[in-house]
Structures are given as C-alpha cells and as structure tokens.
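One-based numbering along the sequence shown. Both counts, for ligands and for their atoms, begin at 1 and track the order of listing. These numbers were taken from a predicted model, which means no experiment stands behind them.
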Amino acid sequence: MAEADYKVPAHVPPHLVQDFNIFFDGSYNEVFSRWKSLHDEGKPEIFWTPRNGGHWIVTRAEDVETVYGNGELFTTVPYGNAIPYRNTPAPPLPIASEPPEHTEYRRLINPFFFPKRVAKVGEHARRLTRDIMDRLIPQGGCEFYNDFAMYMPIYAFLRLAGLPEEDWEMLMPWAQTVVREPNMEVAASVTRDAWAYLKSRVDLRRTDPSDDPLTALVKGRAFGRELDENECVGSALNILFAGVDTTPATLSFVAHHLATHPEKRRQLVEDPSLIPAAVEEFLRRFPAGVTGRGVKNDMVYKGVTMKKGDPVLSPALLGNLDERRFANAEEVDFNRKNVAAQTLTFGAGPHRCIGMMLARMQLRVFLEEWLPRLPDFRIAEDDTPLVRCGTAMAMTHLPLKWDS
Ligand code: HEM
C-alpha cells in the first residue's frame, strides 16, 4: 500500500484500527463473507481502516441509520456521500447539500420521480424487457450483467432523464468507473468527462426545453433565483451517477440468487402476488450502495473520538445483515415482515433515495416478465460469477444458461 494511502490519525487508538479495503473483487461467497466477518464477535462495531486515505466504518444497523439520517452529527457537505471523498468540478446536488438548501434543490427534480412518471417509464421498461428476452431466450444463455442488467434499467433511466438513448454506451462505463475505480485520478478524469457531457446537455435545455429534469433545473427557481451552471450540472451529475449503476447492480444479485435457488423461483412463479414482497426482500438482502458522510464537528460518538471531517462509511449491507435488526438476516425470506420500513438500502433521512420507486418498479418488471417465460435457469457450469466492490457493489459477470 502506498504510504500516502495508509493513514491512521493520532486520535484513532490502535484497538480500533482494522485493515479493510472497500475496493476488492471476488466470488459471491468471498465477497459476502468478507463483509459479514465485520460482525464477528470481538470485532469493534466502529473501526478505522487506514485504506483509501483512511476512514471510519460503522457496522451495525443502528449506526448506519444514524450516519445516513442524523444531519447534526454527520454531513454530506462539502463532498457528498462518496468515501473516499471524490473530486468533482462542483458539488453534486442534492446529495452535497443540507436542509434547508437540500429541500429546495430536491423540490426541483422531485416530480420526475412521482408514481405517475414512474408508471410511464415502467411501460417502457416492460417493452424493453420483452424485446431483450425475445433475443436472449433462443440463445440458451447470456452474460446477465451485460446482456440484461445494464440494458433495461439504463434505457428506462435515460427515458426518465430525457437523455438520448444512443449515449448509453458512453454513460455506463463512466458510472462504473466512478463507483468501482480505486484510483482516484482515473475516477476524477472520468468525472470531468461526464461533467463536460452533462454541461452540454444542460446548455441544450436552455434553448431547447423539454419535459425532463434537466429542463426543470435550468428553468426552475430555488432560493428566489435561477440555479447557476455548477448547480445545474452538479444536480445532473448526481442523478446520473446515483441512477445508472445501482439498479443493474441489484438486478445482477437478484438473478444470481434465483439461478442458485430453484425453490425461490418456483415460489414466485406459482404465486406472483409475492413479487412486491420479493422486491423489498431482494433490495434488503442485496443493497448496492456503499456510501457515507463526513463528521460534522469534533465529537465522541458511542465512546469513539471522531474529528471534524473524518470520513465515515455506513454500508447499508452491514446494516441490513445485522441480526439485531433482521433475524436470520442472510436468508432471503419473502414472508419477512416490515422490511421496507427497516431496510437501509435507500439510506435514511432527508437524502433517502429519490429514485427508489423507479428502482422498485424495474425490479418488479424484471420478475414479472422474466420468470413466467424463463422459470428455469442456472449458473453456467464452465464459468464463475464475479462480484466487484467499491462505493457500489455489483455482480459484473454473471454467466447464465437455460434449456432453449
Ligand atoms: C436499487 C437501486 C438504488 C439504490 C440501492 C439506491 C441507493 C441510494 C442511497 C443509499 C441513497 C442515499 C445516499 C446517502 O444518503 O448517502 C440514494 C440517494 C439518491 N439516489 Fe438512489 N438508489 C437506487 C436507485 C436510484 C435511481 C434509479 C435514481 C435516479 C434515477 C437514484 C437517484 C438518487 C439520488 C439523486 C439520490 C440523492 C438524493 C438526495 O441527496 O436527496 N437512485 N440512493
């Protein structure tokens, strides 16, 4: 590890230091057991990892919820929620703002995520899913992440965002680099490219307005004035990077789980009324985002001395796998009660995911369309799925087979 990357500040005592790098790849079992080992008995519930410039990691649901939701203690200002902190030409919004400013920024884009809009995008997602399946089914197999997971949600997202569908091939690798590239220089360079692209789309909307979020940003008013260019492009950047990779990532874990659990596939085929509960449970069990906050002021939190600006990672995965919150947390159980209210998958507090209805809809469309037509599929015997972790985790290689 480069010296500069390995950081233990003076206020962190040695017994709270553990070496955990959030950027790693592995098989499904390797990845989930490495994360879950952070709950092993005797391990500190809050610890400092010297990796990636150094940051805290909270491991229990109660603390994950506090870090996301308690703006008095933890903040997204000025950097946003990515740990390690990312360089962007200007802050991504609304994530890098706090109420009351946050409320104003979010108000401008909220209507595009209301149920009516989402339902309309849902019809498009359903058509796309059918078309892709028409192509895939005769092949007898596919690499699910590239052939399906990245495709359907992203086309649906572009429709909602009012961005051209042909830009898909450029946007997806950008989003993947930003969330899973450990080299901050590379991530920053891609962010600059995305910034330039979004600036051109924002500029276009000034002269060629449409019914989309970018137009709402350039034409709308907040704080009694129009947003400046950095605020508009920063908001577009947040929507793009938060919206493009997360649903494909979740879909990849759902497909993997179904491929390896025939009884779960049967349950959903025989009783499709379970699908909404299955969507919640899959989201709980496989949360994609691994984000966090900065410490707002010097404080002692649960006996741990934290300094203003310390980065704190609050992985939803660890919160959702915490047995104190969910019994048999590693089990996927469609009959689990009260999941949506307790899950940390979409964060907590004012920054709770604006796209959660869209994400839920896309997962539901997948289950409703895929399972009746392809109730039996498996992992290809001659290949191995791969999970990649960073500020979002995904199964980026998922070879599936079926009898066609
Ligand atoms: C399964 C899919 C998704 C997951 C797991 C997810 C997860 C999250 C989480 C955990 C947060 C809170 C972050 C924080 O407080 O630090 C968040 C916020 C956000 N998400 Fe999502 N998200 C998903 C889909 C989407 C989609 C489809 C969009 C947009 C099209 C989107 C747009 C946003 C935005 C703009 C924010 C910032 C909200 C704010 O600061 O008020 N997300 N998401």
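Here's the thing with His351: one of its N/O atoms is less than 3.5 angstrom from an N/O atom of ligand 1. Taking distance alone, with nitrogen or oxygen atoms compared against 3.5 Å, Arg106 approaches ligand 1 more closely than that limit. Of the N or O atoms in Thr250, none lie within a sub-3.5 Å distance of an N or O in ligand 1.
Residue contacts with ligand 1 include Arg293, since one of its heavy atoms falls under 4.0 Å from the ligand. A heavy-atom separation below 4.0 Å is not found between Ala316 and ligand 1.
Note: Trp35 and Phe24 have tilted aromatic rings, judged against thresholds of 30 and 60 degrees for the angle between ring planes. By the 30° and 60° cut-offs, the orientation of the rings of Phe282 relative to Phe286 is parallel. Taking the six-membered ring where tryptophan is involved, the planes of Phe144 and Phe366 are perpendicular, since the angle between them exceeds 60° and thus also 30°.
Summary of contacts: the protein heavy atom closest to atom 23 (C) of ligand 1 is Thr246 OG1, 3.4 Å. Closest protein heavy atom to atom 33 (C) of ligand 1: Ala242 CB, 3.4 Å. Here the protein heavy atom with the shortest distance to atom 13 (C) of ligand 1 is Asn81 ND2, 3.3 Å. Among all non-hydrogen protein atoms, the one lying nearest atom 37 (C) of ligand 1 is Asn238 OD1, 4.0 Å. In this structure, the protein non-hydrogen atom closest to atom 20 (N) of ligand 1 is Cys353 SG, 3.2 Å. Closest to atom 35 (C) of ligand 1 among all protein heavy atoms lies Ile354 CG2, 3.5 Å. At the shortest separation from atom 28 (C) of ligand 1 among protein heavy atoms lies Gly243 CA, 3.4 Å.
Proximity to His102 (heavy-atom distance under 4.0 Å) selects the following atoms of ligand 1: 39 (C), 40 (O), 41 (O). Atoms of ligand 1 found under 4.0 Å from any heavy atom of Thr345, numbered from 1 in the order shown, are 5 (C), 7 (C), 10 (C). Heavy-atom proximity to Thr247, at under 4.0 Å, picks out these atoms of ligand 1: 2 (C), 27 (C). Residue contact check: Phe157 has heavy atoms under 4.0 Å from atoms 30 (C) of ligand 1. For ligand 1, the atoms sitting less than 4.0 Å from at least one non-hydrogen atom of Leu283 are 1 (C), numbered in the order shown with element in parentheses. Proximity to Ala359 (heavy-atom distance under 4.0 Å) selects the following atoms of ligand 1: 1 (C), 2 (C). Within the listing of ligand 1, atoms 27 (C), 30 (C) sit less than 4.0 angstrom from a heavy atom of Leu358. The distance from ligand 1 to the heavy atoms of Tyr68 drops below 4.0 Å at these ligand atoms: 10 (C), 14 (C), 15 (O), 16 (O).
Under 3.5 Å, the side chains of Thr343 and Asn320 contain a donor-acceptor pair of N or O atoms.
The pair Glu280-Arg336 does not meet the salt-bridge criterion, since no charged nitrogen lies less than 4.0 angstrom from a carboxylate oxygen. Electrostatic pairing of Arg388 and Asp25 counts as a salt bridge here, judged by a charged N lying under 4.0 Å from a carboxylate O.
Of the candidates Phe286, Phe112, Phe113, Phe74, Phe113 brings a heavy atom nearest to atom 29 (C) of ligand 1. Distances from atom 11 (C) of ligand 1 to the heavy atoms of Phe346, Phe241, Tyr105 put Phe346 nearest.
Cation-pi geometry between Arg106 and Phe113 is not met at under 6.0 angstrom from the ring centre and within 45 degrees of the axis. Taking the centre and axis of the six-membered ring of Phe23, the NZ or CZ atom of Arg51 falls outside the cone set by 45° and 6.0 Å. Under the 6.0 Å distance and 45° angle rule, Arg293 does not count as a cation-pi partner of Tyr301.
Separating the CG atom in Leu386 from the OH atom in Tyr28 is a distance of 14.0 Å, to the nearest 0.5 Å.
For Glu381, the CD atom is densely surrounded, since the number of other residues' heavy atoms within 6.0 Å is greater than 12.
Residues Ile132 and Thr129 are not in side-chain contact: their nearest non-hydrogen atoms beyond the backbone lie 4.5 Å or more apart.
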Kindly indicate, with the supporting measurements, whether the criterion side chain to side chain donor-acceptor pair (under 3.5 Å) is fulfilled by Asp212 and Thr215. CA-CA 6 Å; Asp212 62 23; Thr215 306; 2.7 Å; yes
